[in-house]
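Following: one structure in structure tokens, then a few remarks.
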Amino acid sequence: MASSRRQYPFHLIEPKWQQAWEQQQAFRAFNPGDAVPEGHPFGIRHGLSGKVADRRTLPGKFYILDMFPYPSGAGLHVGHPEGYTATDILARYRRACGFNVLHPMGWDSFGLPAEQYAVKTGQHPRVTTESNIANFTRQIKSLGFSYDWSRELATTDVDYFKWTQWIFLRLYNSWFNPDSNLAESIETLKFPADCATEEKRRSFRDSKRLAYVSEAPVNWCPELGTVLANEEVIDGKSEVGGYPVIRKPMRQWMLRITAYAEKLLADLDMIDWSDSLKEMQRNWIGRSEGAEVDFKVAGSDELIRVFTTRPDTLFGATYMVLAPEHRLVDEIVTEEQCDAVENYRAHTARKSDLERTELAKEKSGVFTGAFAVNPVNGGKIPIWIADYVLASYGTGAIMAVPAHDTRDFEFATKFKLPIVQVVQPPDGKTEWQGFTDDGTSVNSTGAEVSITGLPTPDAKKQITAWLGEKGLGKKTINYKLRDWLFSRQRYWGEPFPIVWKKDAAGNLYHEALPESSLPLLPPSLEDYKPTADGQPPLARAQDWLNLPDGSVRETNTMPQWAGSCWYYLRYTDAKNAQSFVGRDADNYWMASNGRAAGVDLYVGGTEHAVLHLLYARFWHKVLFDLGCVSTPEPFFKLVNQGIILGEDGQKMSKSRGNVVNPDDVLVEYGADAFRLYEMFMGPLQDTKPWNTKGVEGVYRFLGRVWRLFVDAQAETAFEQAEATAVTLDAGLLDHLLLDGAIMDVAATAAQLKALHACIKKVTEDLDGMRFNTAISAMMVFTNEAMTWPTKPLSVVKLFLQLLAPFAPHLAEELWARLHSTFGLAATSLAYAPWPKFDAALLVESVIEIPVQVNGKFRDVIKVAADADNATIEAAAKAVEKAQPFLAGKTIKKVIIVPKKMVNLIVA
RNA sequence: GCGCGCGUGGUGGAAUGGCAGACACGCCAGACUUAGGAUCUGGUUCCGCAAGGAUUGGAGGUUCAAGUCCUCUCGCGCGCACCA
């Protein structure tokens with residue numbers, strides 16, 4: 001701090017305006033039906049002051065959303081405000097353009113760290129969470145973001161998670177009807193004829209719900225005493241602490257996201273996300289088209305169904321592989337092979353999924369002793385088990401075509417299994433062994449069917465059709481996407497509104513609580529650890545757990561993703577007590593704006609490219625099918641901000657000691673400089689290193705803007721007054737006077753041109769989210785304006801409007817001073833109409849045109865803007881610097897691009 | 001391995017197929033100054049005294065004209081990764 005003199009008194013200006021905005025609720029967004037308070041700047045701008053707004057009188061909406069943060073104990077890092085600054089600039093810009101802007105902030109506040117702290121200290125997670133939220137709020141507010149804080153929410157708010165639980169009940173009470181291709185109420189489900197008893201009907205219904213129960217292996221960490229999400233497990237160890245994690249089957253709640261695989265894939269086409277992001281979602285969904293084919297087991301009635309994307313290679317199937325867990329393994333294994341198979345299965349069962357994939361570069365497997373019959377040619381092929389076939393994908397069994405599949409090729413090579421060519425590569429030179437691309441079928445003729453000679457796509461079609469006719473197989477689509485494991489054995493999450501009961505036969509079954517019983521609060525506990533026998537912490541609360549009628553509550557809680565799946569909807573109607581979101585609010589804020597629909601702009605880190613964004617799209621689509629929301633997609637345009645690296649170009653981390661704390665930067669340079677620097681570093685989407693010298697650069701720019709407006713002598717007086725003042729308050733700013741060169745005079749043509757060039761550039765760059773070049777345009781303007789002997793009021797005023805979204809505090813202060821000095825009516829800068837540039841002012845009468853000789857730049861000529869080609873050609877030929885290259889040569893051709901350039905082609 | 005993206009001064013980065021390096025950092029020189037780590041002015045891609053030449057990872061190509069379009073290649077980053 002002591003290192004240098006302040007460029008300008010941001011330490012007084014910034015708190016002053018932050019308070020003013022808060023007092024005025026300047027950035028409150030109004031819903032249809034809201035009364036706009038008398039004198040609110042939004043009301044004044046739009047003629048709604050003191051009136052009740054409705055859809056007809058409200059201007060068009062613009063919904064700009066940040067991914068809400070998890071309020072960690074570490075506080076904000078410089079990566080958070082990068083996206084927040086970008087959205088804030090755009091929110092302020094859109095407001096100035098006349099939109100009704102929704103720009104909210106909230107907290108993704110359930111989560112493991114607060115719970116682990118609770119386990120260690122006994123401190124209730126809510127206490128930790130609230131103090132972290134308070135710290136995040138302070139930091140975010142100190143940056144001057146124009147959030148509508150009246151809509152603030154936290155996923156841990158009872159009024160919020162009540163509705164998260166409500167949405168869960170909607171999922172629970174719905175099924176996906178393949179005929180309508182929609183989620184529907186479970187009441188519309190038709191029972192098959194054999195569902196005679198209530199038990200059977202219940203079990204059938206439960207098997208169709210979008211939220212259902214299954215036994216699935218989970219990542220259990222005995223040391224931490226908790227289950228971890230897949231993304232919390234790295235190399236078989238817990239991300240926190242590095243303790244071993246084992247796979248353990250447990251009763252789990254699942255959400256049937258796979259029912260939406262096709263819609264989640266297809267609807268990517270209607271939204272404006274980056275190609276790479278869409279690609280990540282497509283990869284995750286992993287659609288693949290192929291066929292299911294049934295193979296008979298020789299000497300048995302059993303059929304083994306395989307999935308293949310290459311039915312055209314069926315004639316080349318020389319063996320078959322089942323996943324070790326495949327249910328038919330026990331049925332078909334021969335006595336001699338029994339021990340070997342059992343050993344192998346036991347061995348793979350001990351491996352985690354990770355070990356099975358990453359460590360098993362070398363193929364392994366065991367022969368079962370059984371054989372299958374290839375349906376196309378009757379050939380007997382051996383059946384193996386191997387862990388390179390996954391039980392969870394396709395049918396858990398494959399036909400192996402070693403000639404044309406890399407994995408099968410490796411396996412066959414290792415175990416000396418036959419390799420038969422059935423595809424000829426298109427060019428004769430390519431080796432057919434291991435050739436996996438399209439080619440022409442060969443050696444593919446059987447007694448009943450032949451595809452020899454057909455190109456791969458035709459061969460696929462033909463063989464699939466034949467299989468279908470014979471009832472041996474059919475065209476199938478498979479997805480990598482799995483159903484979503486939705487339960488966690490934790491305390492600090494939403495409890496499931498579910499109870500367990502026993503039927504007459506003593507079988508457990510689940511039942512939803514009625515909506516009227518929501519919210520279901522978690523019990524208070526002394527100890528947040530799981531029980532000794534591994535039950536989730538909620539099982540400790542006996543009073544809570546056991547209901548008077550003998551039923552028992554579900555003890556799992558929902559994962560952190562649950563709350564973030566719908567928070568953007570709640571923001572539109574954050575205080576609604578009757579509904580998760582009101583129909584009018586949803587209709588207004590999520591309306592189409594003439595394009596797809598939903599949130600107009602969503603900005604956040606790429607780490608949520610798949611999980612959060614896929615989960616939220618899924619919930620949204622279910623709610624859409626059920627008629628609860630009006631749009632099929634939640635987020636129309638999505639932008640990922642890049643990562644900010646440390647000054648050393650490395651990822652910021654405590655251990656490297658290269659973490660930049662926004663609080664420190666703010667003390668030294670102020671919020672406006674911080675915001676400006678975050679945007680000036682480079683394109684929003686890029687990864688880029690922090691550089692404190694760069695902050696100083698934009699800080700100096702703000703200082704130049706300050707000196708453009710403020711009288712130098714008055715500033716010296718102000719500094720002396722400040723030095724002797726007992727208390728520092730904004731009143732000291734009244735010592736400042738505007739620079740005398742700012743006058744209410746007509747602007748020169750050059751001044752107007754500089755201004756309007758700046759308006760044009762800043763406007764276009766804001767529309768394209770090119771913040772760095774917009775800032776550079778304002779620097780260019782300032783550098784030029786510094787040289788002006790007089791600074792016309794009309795020009796510098798408009799410049800402040802351009803600056804306002806970027807450096808709102810400084811702009812507001814100078815705006816207010818300008819208005820008071822010239823006796824103008826005080827208007828709110830935040831709602832002042834965005835300036836329009838006048839293209840006529842940018843037109844030059846004389847323009848410079850580059851002259852090239854043989855495509856090489858030699859000089860520029862100055863000609864009238866409307867000069868004809870003959871004039872330009874003559875001028876170009878006369879250019880002095882071109883003469884040495886023209887001498888003694890004939891000009892063969894002259895290329896003139898009007899107003900752009902001249903190219904003289906010589907021989 | 002597959003997919004996506006990116007390679008421009010000492011640095012961050014600009015450039016609808018038409019004057020490469022805007023703007024900023026850093027550096028150099030000067031002015032003001034007791035002082036400068038404030039401010040202001042000028043310079044700053046490389047080679048060359050200059051004229052001029054070279055130059056956007058590398059090699060080809062298309063074009064009157066290529067950082068920009070095409071092909072190949074090298075390097076970096078991200079994502080997925082035995083998905084049949």
Side-chain angles (χ1 to χ4, degrees), chain A residues 3-7 274-284 286-288 290 306-310 313 321 323 356-358 360-361 363 386-390 392-401 404-408 410-411 436 478-482 606-607 609-610 640 642-643 649 676-677 680-683 685-698 700-701 703-704 707 712 761 770 772-780 782-783 786-787 848-860 881 884-885 892-897 899-905:
Chain A
S3 58
S4 66
R5 177 175 165 245
R6 261 190 215 95
Q7 288 274 347
S274 71
D275 289 340
S276 67
L277 197 68
K278 286 186 179 182
E279 201 54 32
M280 279 194 236
Q281 293 230 332
R282 286 193 192 103
N283 288 342
W284 192 265
R287 181 184 200 271
S288 66
V306 302
F307 174 71
T308 177
T309 56
R310 293 297 299 270
T313 63
V321 186
R356 272 179 67 162
T357 55
E358 297 237 329
K361 291 290 170 221
K363 293 275 180 293
D387 64 4
Y388 83 90
V389 173
L390 307 174
S392 51
Y393 183 77
T395 61
I398 62 157
M399 64 174 204
V401 184
H404 306 296
D405 181 280
T406 314
R407 298 148 300 180
D408 297 345
E410 276 174 33
F411 191 82
T436 58
N478 247 304
Y479 300 93
K480 278 200 287 185
L481 185 70
R482 298 295 135 74
T606 186
E607 67 273 18
V610 175
N640 289 123
I643 296 165
L676 214 54
Y677 176 63
F680 189 62
M681 290 170 83
Q685 292 90 338
D686 288 7
T687 298
K688 46 215 174 268
W690 184 269
N691 177 5
T692 299
K693 290 283 183 195
V695 189
E696 286 173 20
V698 293
R700 279 203 284 268
F701 161 65
R704 280 202 300 281
R707 292 189 292 279
K761 181 75 176 147
R770 294 179 295 268
N772 53 333
T773 50
I775 293 166
S776 120
M778 291 189 285
M779 289 172 166
V780 170
T782 306
N783 290 345
M786 293 290 276
T787 67
E848 285 192 349
I849 295 180
V851 176
Q852 298 177 355
V853 178
N854 282 353
K856 197 139 185 82
F857 170 78
R858 292 303 166 190
D859 203 356
V860 291
K881 287 198 176 163
F885 304 95
K892 279 187 4 194
K893 197 171 168 188
V894 179
I895 292 157
I896 297 176
V897 181
K899 300 188 180 187
K900 287 282 185 196
M901 60 102 235
V902 192
N903 194 359
L904 305 173
I905 310 301

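Values in this document were obtained by computation on a predicted structure and should not be read as measured data. Below, chains carry the letters A, B, ... as their sequence lines are ordered, and counting in each starts from 1.
With C19(B), C23(B), G13(B) as the candidates, the nucleotide lying closest to the side chain of P850(A) is C19(B). Nearest to the side-chain atoms of I905(A) among the listed nucleotides A84(B), C64(B), A22(B) stands C64(B). Checking C82(B), G53(B), A24(B) against the side-chain heavy atoms of M779(A) singles out A24(B) as nearest. Here the nucleotide nearest the side chain of K363(A), chosen from C23(B), C82(B), G26(B), is C82(B). Comparing atom distances between the I895(A) side chain and each of A84(B), C64(B), C23(B) picks out C64(B) as nearest. Here U39(B) is the nucleotide among C80(B), U39(B), C25(B) with the atom lying nearest to any side-chain atom of Q7(A). Listed nucleotides: C23(B), A84(B), G18(B). Nearest to the side chain of V780(A): C23(B).
Using a 4.0 Å heavy-atom cutoff across all strands shown, P884(A) reaches no nucleic acid atom at all. Contact annotation for V897(A): base contact, defined as any heavy-atom pair under 4.0 Å involving a base atom. K688(A) comes within contact range of the sugar-phosphate backbone alone, with a heavy-atom separation under 4.0 Å but no base atom that close. Heavy atoms of G286(A) sit nowhere under 4.0 angstrom from any nucleic acid atom. Nucleic acid contact class of R287(A) (heavy atoms, under 4.0 Å, all strands): none. Across all strands shown, E848(A) has heavy atoms under 4.0 Å from base atoms, whether or not it also approaches the sugar-phosphate. Contacts of F885(A) with the nucleic acid, taken as non-hydrogen atoms under 4.0 Å apart, involve only primed sugar atoms and P, OP1 or OP2. Counting any heavy atom pair closer than 4.0 Å across all strands shown, T606(A) reaches no nucleic acid atom. Within 4.0 Å (heavy atoms only), K900(A) reaches at least one base atom of the nucleic acid.
OP1 and OP2 of G5(B) both lie 4.0 Å or more from every side-chain N or O belonging to S274(A). Contact between the side-chain N/O atoms of R704(A) and the OP1/OP2 oxygens of C23(B) is not found at any separation under 4.0 Å. Applying the 4.0 Å criterion to OP1 and OP2 of G79(B), one finds that Q281(A) has every side-chain N and O outside that range. Proximity of R770(A) to the phosphate of C23(B): no side-chain N or O atom is located under 4.0 Å from OP1 or OP2. Remark: R700(A) is not in phosphate contact with C40(B), judged by side-chain N or O atoms under 4.0 Å from OP1 or OP2. Applying the 4.0 Å criterion to OP1 and OP2 of A84(B), one finds that N478(A) has every side-chain N and O outside that range. For C40(B), one of the phosphate oxygens OP1 or OP2 lies less than 4.0 angstrom from a side-chain nitrogen or oxygen of R707(A).
Nucleotides G77(B) and U16(B) have their P atoms positioned 28 Å apart, rounded to a whole Å. Comparing C2(B) with U62(B), their C1' atoms sit 30 Å apart, to the nearest whole Å. For the C1' atoms, the distance linking C32(B) with C46(B) amounts to 35 Å, nearest Å. Of the P atoms belonging to G48(B) and A24(B), the separation is 29 Å, rounded to the nearest Å. Look at the P atom in both C47(B) and G61(B): the space between them is 30 Å, to the nearest Å. For the P atom pair drawn from G12(B) and G3(B), the interatomic distance equals 30 Å after rounding to whole Å. Going from the P atom of G18(B) to that of U68(B) covers 11 Å, rounded to whole Å. Comparing A65(B) with C82(B), their P atoms are spaced 50 Å from each other, to the whole Å.
Nucleotide G79(B) forms a pair with C2(B), judged by Watson-Crick or G-U wobble geometry with both contacts under 3.5 Å. The partner of A29(B), taking Watson-Crick or G-U wobble pairs whose two distances both stay under 3.5 Å, is U41(B). C46(B) and G53(B) make up a base pair, with Watson-Crick or G-U wobble contacts both under 3.5 Å. Remark: A66(B) base-pairs with no nucleotide in the shown strands. Criterion, Watson-Crick or G-U wobble with two distances under 3.5 Å. Shown here, C19(B) forms no base pair; nothing in the strands shown gives a Watson-Crick or G-U wobble contact with both key distances under 3.5 Å.
Summary of the strand contacts: Q852(A) and G682(A) both lie near RNA chain B, and taking for each the nucleotide with the nearest heavy atom, the more 5' one is attributed to G682(A). Heavy-atom distances to RNA chain B give each of D686(A) and F857(A) a nearest nucleotide, and the one nearer the 5′ end belongs to D686(A).
Using cut-offs of 30° and 60° for the angle between ring planes, the Y388(A) and F411(A) rings count as tilted.
Within 90° of 0 lies the glycosidic angle of G9(B), which makes this nucleotide syn.
Closest approach of R310(A) to T436(A), counting heavy atoms only: NH1-O, 2.9 Å.
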Got a list of protein N/O to nucleotides 54-57 of chain B N/O distances below 3.5 Å?
| from | atom 1 | to | atom 2 | distance (Å) |
| --- | --- | --- | --- | --- |
| A54(B) | OP2 | K856(A) | NZ | 3.4 |

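Between the side chain of N903(A) and the base of C64(B), at least one donor-acceptor pair of N or O atoms lies under 3.5 Å.
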